[in-house]
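Predicted, not measured: the structure shown is a model, and the values here were computed from it. Quick note on labels: first sequence line is chain A, next is B, and so on, each numbered from 1.
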There are 2 protein chains.
Amino acid sequence: MEPTSNDTVQQFVEAWGAMGALWGINRSVARVHALLMATEGHLSLEEISERLQMSKGNASMSLRELRTFGVVRQVEVPGDRRDFYVTEPDVWTMFFRIMKERKRREFDPALDAIHQLLEQPSAKGEVLGRLKQMSDLLATVESLANRFLKDPASSKAALSFMADLPFSPKRPKK
Amino acid sequence: MEPTSNDTVQQFVEAWGAMGALWGINRSVARVHALLMATEGHLSLEEISERLQMSKGNASMSLRELRTFGVVRQVEVPGDRRDFYVTEPDVWTMFFRIMKERKRREFDPALDAIHQLLEQPSAKGEVLGRLKQMSDLLATVESLANRFLKDPASSKAALSFMADLPFSPKRPKK
DNA sequence: TCGTGTGTTCAGAATAGTCTGAACGATGGA
DNA sequence: TCCATCGTTCAGACTATTCTGAACACACGA
């Protein structure tokens, strides 16, 4: 089978790179990820750095980030000193792993800060009401996140199911 | 009723400011929003600028952003030339409005770019499979977003319901 | 042991994002 | 009309983030 055209790969790399901001990962990291996704086999650090026109240093750091997310892993080739990289093949799994890591890094600390604040007894009146509401909201988001991020396979099914329900689950009131 | 202590307001402003990054809104915008949330009545541009130690220019731009999100509105006071501002009082409504605007600004264009790419017939093999999966994933996210962002009131109920379901909806396979 | 090929680190350069403050336009009172 | 007050804009200052490339560490074969 002939390979995917370089041009398409190129475009995909840039599109995914731009989209990275949405998921909260930076452009270089997203571009490396895209290149690996668009590649059948494995790639070496040097090859990645060349194809994406970025320094080896940057490529190395980006790969480390991707391994931390758990969406890229290293493969050994016997008799070759270089490290090679492949992407996790399941897109949903990738998606959940990235979300999980982001939640840990960003959401959880922010949630702590707000909670701590809510324990102080100084808020009054309407302001207190808003803080309570916000605490509820954050608790709900947190609970949903924990539930869905726990198990990608069944979450995927649940989400797809919800997305495909016929419109709409509720008539407007009255 | 005595007012919420200034110290708590201060802390809340900073906590919310830091949290802004999570929702994709910048620090100044989030700080202005926080101050309005922590304030019973309305505030003038000048007062906001003073209390938050930021330039009137920045405060003005931040308020414009918040009005675009639909989470802050202007109130007129008869006989006063100044504009005053209040926040939308319902936290969930705020949350959905911000998400909706962000989706429009960031997700939709990215989605378009990927879709356009998928129409090109050049992708092959495993790579094609991944692109298909990704398209599915994005379509699901899009569909869920449309559904939930459409109607804050019932979505709030639905999300709270899901969050409170007893653990866990599914036994691990086998 | 030395030389070569490899990956990593990090100081500083480059870039991107944010904020200020002066200039300006608009409004209304005198 | 003129003046005072208020909100907005945006060029440029400032700050934060990202990226490069040189230095280094390590492993292997000769």
TODO: Enter the inter-axis angle for the ends of the helix from C:dT1-D:dA30 to C:dA30-D:dT1 (five pairs per end, rounded to 10°).
DONE: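 About 10° separates the two local helix axes.
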Task: With sequence neighbours excluded, residues passing side-chain hydrogen bond (donor to acceptor under 3.5 Å, both in side chains) with A:Glu65 - done: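 A:Glu65 satisfies side-chain hydrogen bond (donor to acceptor under 3.5 Å, both in side chains) with A:Arg105 only.
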TODO: May I have the step-by-step check of salt bridge (charged side-chain N to carboxylate O under 4.0 Å, His left out) for B:Arg81 and B:Glu76, ending in yes or no?
DONE: CA-CA 8 Å; B:Arg81 282 217 272 129; B:Glu76 302 295 332; over 6 Å; no
Task: Counterpart residues, side chain to side chain contact (heavy atoms under 4.5 Å, CB included), relative to B:Lys103 (two or more places apart) - done: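 For B:Lys103 the side chain to side chain contact (heavy atoms under 4.5 Å, CB included) partners, ignoring immediate neighbours, are B:Phe107, B:Asp108, B:Glu142, B:Ala145, B:Asn146, B:Leu149.
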Task: Residues forming a side chain to side chain contact (heavy atoms under 4.5 Å, CB included) with B:Ser28, sequence neighbours excluded - done: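 Once residues adjacent in sequence are excluded, the partners of B:Ser28 under the side chain to side chain contact (heavy atoms under 4.5 Å, CB included) criterion are B:Asn26, B:Met54, B:Asn58, B:Ser62.
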Open item on the list: What range of DNA chain C does chain A touch, first nucleotide to last, counting atoms under 4.0 Å from its heavy atoms?
Closed with: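 That gives a stretch of C:dT4 to C:dC10.
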Open item on the list: Quick check on contacts: within residues 50-68 of chain B, what sits under 4.0 Å from DNA chain C by heavy-atom distance?
Closed with: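 When residues 50-68 of chain B is checked for heavy atoms under 4.0 Å from DNA chain C, the hits, listed by number, are B:Gln53, B:Met54, B:Ser55, B:Gly57, B:Asn58, B:Met61.
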- [ ] Name every residue in residues 70-80 of chain A that has at least one heavy atom under 4.0 Å from any atom of DNA chain C, in order of residue number, or write none if there are no such residues.
- [x]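 By residue number: none to list.
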Task: Residues clustered with B:Val75, ILVMFWY side-chain links under 4.5 angstrom - done: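 B:Val77, B:Phe84, B:Val86, all in the cluster of B:Val75.
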Open item on the list: Starting from B:Met61 and following side-chain heavy-atom contacts under 4.5 Å between hydrophobic residues (I, L, V, M, F, W, Y), which residues can be reached?
Closed with: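 For B:Met61, no cluster forms, as it stays isolated from other hydrophobic side chains.
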Open item on the list: Check this for me: B:Gln74, atom CD, are more than 12 non-hydrogen atoms of other residues, nucleotides or ligands nearer than 6.0 Å?
Closed with: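 Counting neighbours around CD of B:Gln74, more than 12 heavy atoms of other residues, nucleotides or ligands fall under 6.0 Å, so yes.
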Open item on the list: Within the supplied structure, the quantity of interest is the number of heavy atoms (other residues, nucleotides, ligands) at a distance under 6.0 Å from B:Arg73 CZ; does it exceed 12?
Closed with: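 Counting other residues, nucleotides and ligands, CZ of B:Arg73 stays at 12 neighbours or fewer.
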Task: Whole-Å distance separating the CZ atom of B:Phe84 from the P atom of D:dG7 - done: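 Going from B:Phe84 (CZ) to D:dG7 (P), I get 8 Å.
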Pairs: protein N or O with nucleotides 26-28 of chain D N or O, under 3.5 Å:
none

Open item on the list: Would you compute the distance between atom CD1 of A:Ile25 and atom CE of A:Met19 and round it to the nearest 0.5 angstrom?
Closed with: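 CE of A:Met19 is found 10.5 Å from CD1 of A:Ile25.
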Open item on the list: Using only atom types and a distance under 3.5 Å, with no angle test, would you say the side chain of B:Glu106 pairs donor to acceptor with the backbone of A:Leu22?
Closed with: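 Answer holds: no.
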Open item on the list: Please check this pair: side chain of B:Ser143 against backbone of A:Asp164, looking for a donor-acceptor N/O pair closer than 3.5 Å.
Closed with: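 Checking the backbone N and O of A:Asp164 against the side chain of B:Ser143, no donor-acceptor pair under 3.5 Å is found.
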- [ ] For A:Phe95, check ring-ring contact (aromatic ring centres under 6.0 Å, His included) against everything at least two apart and list the hits.
- [x]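 If we apply the ring-ring contact (aromatic ring centres under 6.0 Å, His included) test to A:Phe95, skipping adjacent residues, the hits are A:Trp23.
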Open item on the list: Heavy atoms only, 4.0 Å cut-off, all strands: where does B:Ser28 land among base, sugar-phosphate and nothing?
Closed with: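 It contacts sugar-phosphate atoms only.
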Task: Pairs satisfying side chain to side chain donor-acceptor pair (under 3.5 Å), at least one member in residues 44-55 of chain A, at least two apart - done: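 Qualifying pairs, neighbours excluded: none.
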